[in-house]
2 protein chains.
Amino acid sequence: MKKPSRAGHLDPAAICRSSNPMAVRELLTKIGDKWSIFVVLSLELLGGRARFPELKRAVPGISQRILSSTLKTLERDGLVVRELFPEVPPRVDYEMTDLGKSLLLPTQGLVDWAKANWEQVRETQFRYDTR
Amino acid sequence: MKKPSRAGHLDPAAICRSSNPMAVRELLTKIGDKWSIFVVLSLELLGGRARFPELKRAVPGISQRILSSTLKTLERDGLVVRELFPEVPPRVDYEMTDLGKSLLLPTQGLVDWAKANWEQVRETQFRYDTR
DNA sequence: CGGTATCCAACAGGATACTG
DNA sequence: CAGTATCCTGTTGGATACCG
């Protein structure tokens with residue numbers, strides 16, 4: 001397990017040097033898309049394992065096509081696993097992997113930040129726009 | 001200051017309930033775009049304050065137009081401040097705000113995750129693609 | 001049920017040229 | 001110097017219809 005970075009002081013140089021910075025951007029682009037975070041969080045909310053229509057209900061507003069492609073990307077990345085039961089009608093379970101669950105933890109950091117500061121961001125935007 | 005969330009167990013329900021979940025997605029979409037993170041990190045790397053061409057040099061590959069619009073968005077969000085010196089030729093300084101700096105901290109969590117797990121993600125992708 | 005195929009609108013962002 | 005204007009392309013994602 002990786003230990004959480006000690007707070008206090010942050011070294012942006014270390015951030016930029018750490019492995020390849022592209023990984024960071026790719027990760028952010030990936031989980032920063034319109035639905036991934038919600039799908040991951042909803043799947044965890046459903047106990048870490050759920051069927052397609054359960055997920056669809058748990059993520060209001062998502063279309064079938066987007067849920068499908070989002071899950072495929074998550075599966076490709078190893079964050080969820082897909083299990084097909086060859087029944088009629090077919091049934092598919094999606095389950096969080098340990099890797100997927102491990103991503104929830106740092107995500108929490110951003111959630112906390114958004115929770116703590118988003119209102120201020122909105123106000124700043126408003127002031128900027130109404131100048 | 002917000003205290004880092006205690007590890008051990010994570011409550012996704014809390015994540016989903018925390019303020020509005022839209023804030024989280026908007027934040028991720030924002031910093032998950034192609035250049036924002038690099039601009040923010042580079043600005044911090046340059047000591048938290050820099051001029052336009054310094055930033056441009058510090059972020060290889062970014063175009064003038066994109067750097068400009070990225071900075072404008074960051075300014076609108078209150079993550080950086082823009083200071084114009086009415087000289088000829090004009091000169092503009094960009095500086096990180098405390099809010100902007102505070103975002104670096106949770107970002108570090110994702111950086112750590114990417115550093116620790118990205119190779120595994122790539123391998124998983126490769127295996128998925130070559131099936 | 002759990003998708004894929006097709007079509008389309010919106011937007012991000014790159015190249016280039018121009019301006020106060 | 002520090003942008004903006006214009007043009008253009010690729011990608012994201014929404015709607016709908018069809019398939020095994």
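Because the structure is predicted, anything quoted here is derived from the model rather than measured. Proteins come first, then strands; the chains are lettered A, B, ... in the order of their sequence lines, and each starts at number 1.
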Is any side-chain N or O of B/Lys72 closer than 4.0 Å to OP1 or OP2 of D/dG3?
no

Classify the ring geometry between A/Trp118 and A/Trp113 as parallel (under 30°), tilted (30 to 60°) or perpendicular (over 60°).
perpendicular

Residues of residues 53-71 of chain A with any non-hydrogen atom less than 4.0 angstrom from an atom of DNA chain D: list those, numerically ordered, please.
A/Arg65, A/Ile66

How would you label the contact of B/Phe85 with the nucleic acid (heavy atoms, under 4.0 Å): base, sugar-phosphate, or nothing?
nothing

Do [X] and [Y] have side-chain heavy atoms sitting under 4.5 Å apart?
X	Y	value
A/Leu103	B/Leu110	yes
A/Phe38	B/Arg25	yes
A/Glu44	A/Leu104	yes
A/Met96	A/Val40	yes
B/Phe52	B/Leu67	yes

Per the end-axis method with five pairs at each terminus, what is the bend angle of the helix from C/dC1-D/dG20 to C/dG20-D/dC1, to 10°?
40°

Go through the steps to decide whether A/Leu71 and A/Val39 satisfy the test side chain to side chain contact (heavy atoms under 4.5 Å, CB included), and finish with yes or no.
CA-CA 8 Å; A/Leu71 284 168; A/Val39 170; 3.8 Å; yes

Whole-Å distance separating the NZ atom of B/Lys34 from the P atom of D/dT11
10 Å

note: B/Glu87, atom CD; D/dA2, atom P; distance rounded to Å ~ 10 Å

Cationic tip of B/Arg131 within the cone over B/Tyr128's six-membered ring, i.e. under 6.0 Å and within 45° of the normal?
yes

Ignoring hydrogens and angles, tell me if any N or O in the side chain of A/Thr97 forms a donor-acceptor pair with the backbone of A/Leu79 under 3.5 Å.
yes

Pair A/Arg76 + B/Asp129, salt bridge at N-O below 4.0 Å
yes

With a strict under 4.0 Å distance from non-hydrogen atoms of chain B, what nucleotide opens and what nucleotide closes the contacted stretch of DNA chain C, reading 5' to 3'?
C/dG13 to C/dG20

